[in-house]
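In what follows, a structure is listed as structure tokens, so that the remarks can point back to it.
In what follows, chains carry the letters A, B, and so on, assigned in the order in which the sequence lines appear, proteins first and then strands, with residues in each chain numbered from 1.
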Protein chains: 2
Amino acid sequence: MEKAADTTGASPADTAESRQYLGLRDGIAARIAAGDLKPGDKLPSERQLQGEFALARGTIREALFLLEAEGAIFRRDRSGWYVSPPPVVYDPTRWEGFMSYVEAQGRVPSTHTISTATIPADPLLSDIFARPLGAPLHHIRRLRSVDGRAVLVEKLVVDAAITPGLIEFDLNTSLTAILKRNFGITVARNQISMQPCALTGDEAVDLRQKSGLPGLALQRVSYDGHGRVVEYDHEYWRHDAVQINVDLRVR
Amino acid sequence: MEKAADTTGASPADTAESRQYLGLRDGIAARIAAGDLKPGDKLPSERQLQGEFALARGTIREALFLLEAEGAIFRRDRSGWYVSPPPVVYDPTRWEGFMSYVEAQGRVPSTHTISTATIPADPLLSDIFARPLGAPLHHIRRLRSVDGRAVLVEKLVVDAAITPGLIEFDLNTSLTAILKRNFGITVARNQISMQPCALTGDEAVDLRQKSGLPGLALQRVSYDGHGRVVEYDHEYWRHDAVQINVDLRVR
DNA sequence: TTGGCAAACTGGTCTGAACCAGATGCTCGA
DNA sequence: TCGAGCATCTGGTTCAGACCAGTTTGCCAA
């Protein structure tokens, strides 16, 4: 019940942690660093850790949440906690799709199309695409995975006028490739906005995350060589699954 | 003790939340959206909310954490919870310093220099700056605020050979301006890497955050027109304080 | 061998209680 | 008037126990 004043070491502020969950976090982090726990490995269950460290389950979970926030571990709902694989490096300046750059990093990408539809442009999209209100736009919602783990959901919108029949294609492959091969479309410019966010609602469900876990929201507007808007994309990434790399000239 | 099945509305799955903390989150979010609570306003204390909603304090905190992860509120340690101001928009392609782009958004920026030093290059920095091991480099650590709230800490390194006496200047102003005015240095290219992270250790302390809260880590290498490395920068942002915007040509 | 079901397991949610330590505000004495 | 100091308030940490709802597993029947 009491705090069991931590008198472990000579330097109370250095190694001996004032807060128990920090100590536990360091312990688990050390196991991962030492290679006792490798990416994909399952951690002992919360109740097992409870017995092992003689801490309340809440305290155990506090440490796990911290490791999760640091990207060191992730959870699969009601299954357990697992050691995170390294993140994918993402360079938004490169116009290669997800499939190719994930593969280039020696990982196995996969895509699952959640839904497709052709919908009339609402005011916002009409504005973005510079097309009249009600102009047909393809809406595609996809879930993308790396090594079998869902890492991002995307909602993308494409101008139906320049990509007739797009949603009849197999969208579980590279959209980049489809646009280029079948419609002769390539992207010359991207406008990107991103912000750290909490994954909630649909996104959390699709990523099999508990609602409220941190993520990265990324919006992209892609233009072709004529300055025409080709694609409008909303991506929601697991925060621990991605690292952004950009190389750019300054204006 | 029981879950007190929320019978507030007509549609149990729509508005009425299955989890109490989600309901409370929505309630507070609604107050903010409605303008009852404005940016900077203090929320009722956890114990007050406890009385008001008849929930355990842990449940109250669960809802607050969620709002915090969403960037809607933030905490000041042992002072209270406050409504977040809107984020600053940050465009890494633009070579104007923090001071100018924050001001351009109608906010009040400020900078506090935590420490400065001139230190011989270690292997990593020697490599980055393409300078011999041990070459003198200026290390600067600064805390930057918007409207009085600390939003980022940065650790930056500048080649001392091309900026002699840099750390004698008043570094609480724009470094961009100092480099340009006093050393004739401008940046032509940036290489940026960023990833969502947890703020821990020094960063958390400086930002007066609890260790483990989500943030955004950003590293930047800046080059001048001759391809010479001018500056190496590590920034740690509060996750709710920044939105990244980039406009770029595709390779 | 295989399919389905049930028990066991795991994380998710919630309660309620206690004590700690920094922030804040108020009071009282100099 | 003003500063020191204390009381109070606030979030931070930890404990212990309970029940819920998906996941997993292993057994048994077809």
Filter on side chain to side chain donor-acceptor pair (under 3.5 Å), then keep only pairs touching residues 99-110 of chain B, sequence neighbours left out; what's left? B:Arg107-B:Asp147
Using residues 51-65 of chain B as the side-chain source, report each donor-acceptor pair under 3.5 Å to any protein atom, sequence neighbours left out, with the distance given to one decimal.
from	atom 1	to	atom 2	distance (Å)
B:Glu52	OE2	B:Arg31	NH2	2.7
B:Arg57	NE	B:Glu46	OE1	2.8
B:Arg57	NH2	B:Glu46	OE1	3.1
B:Arg61	NH1	B:Glu46	OE1	3.2
B:Arg61	NH1	B:Glu46	OE2	2.8
B:Glu62	OE2	A:Lys210	NZ	3.1

Who pairs with B:Trp237 by ring pair (Phe, Tyr, Trp, His ring centres under 6.0 Å), at least two apart in sequence or on another chain? B:Tyr90
According to side chain to side chain contact (heavy atoms under 4.5 Å, CB included), who are the partners of B:Arg19, at least two apart in sequence or on a separate chain? B:Tyr21, B:Leu22
Would you mind reading off the distance between B:Phe65 atom CZ and C:dT13 atom P, rounded to a whole angstrom? 14 Å
With A:Asp36, which residues qualify under side-chain hydrogen bond (donor to acceptor under 3.5 Å, both in side chains), at least two apart? none
Could you point out which residue of B:Asp26, B:Ile28, B:Val83, B:Leu24 forms a side chain to side chain contact (heavy atoms under 4.5 Å, CB included) with B:Leu67? B:Ile28
By a strict heavy-atom criterion of less than 4.0 Å, which residues belonging to residues 51-64 of chain A are in contact with DNA chain C? A:Arg57, A:Arg61
What's touching nucleotides 23-27 of chain C from the protein side, N or O pairs under 3.5 Å?
from	atom 1	to	atom 2	distance (Å)
C:dA23	O4'	B:Arg78	O	3.4
C:dT24	OP1	B:Arg76	NH2	2.6

Please set out all donor-acceptor pairs under 3.5 angstrom arising from side-chain atoms of residues 70-80 of chain A, sequence neighbours excluded.
from	atom 1	to	atom 2	distance (Å)
A:Glu70	OE2	A:Arg25	NH1	2.8
A:Arg75	NE	A:Glu68	OE2	3.0
A:Arg75	NH2	A:Glu68	OE1	3.1
A:Ser79	OG	A:Tyr82	OH	2.7

Output all residues satisfying side chain to side chain contact (heavy atoms under 4.5 Å, CB included) with B:Ser193, sequence neighbours left out; order by chain, then residue number. A:Gln243, A:Asn245, B:Gln195, B:Gln219
On the nucleotide C:dT10, are OP1 or OP2 found under 4.0 Å from the side-chain N or O atoms that A:Lys42 carries? no
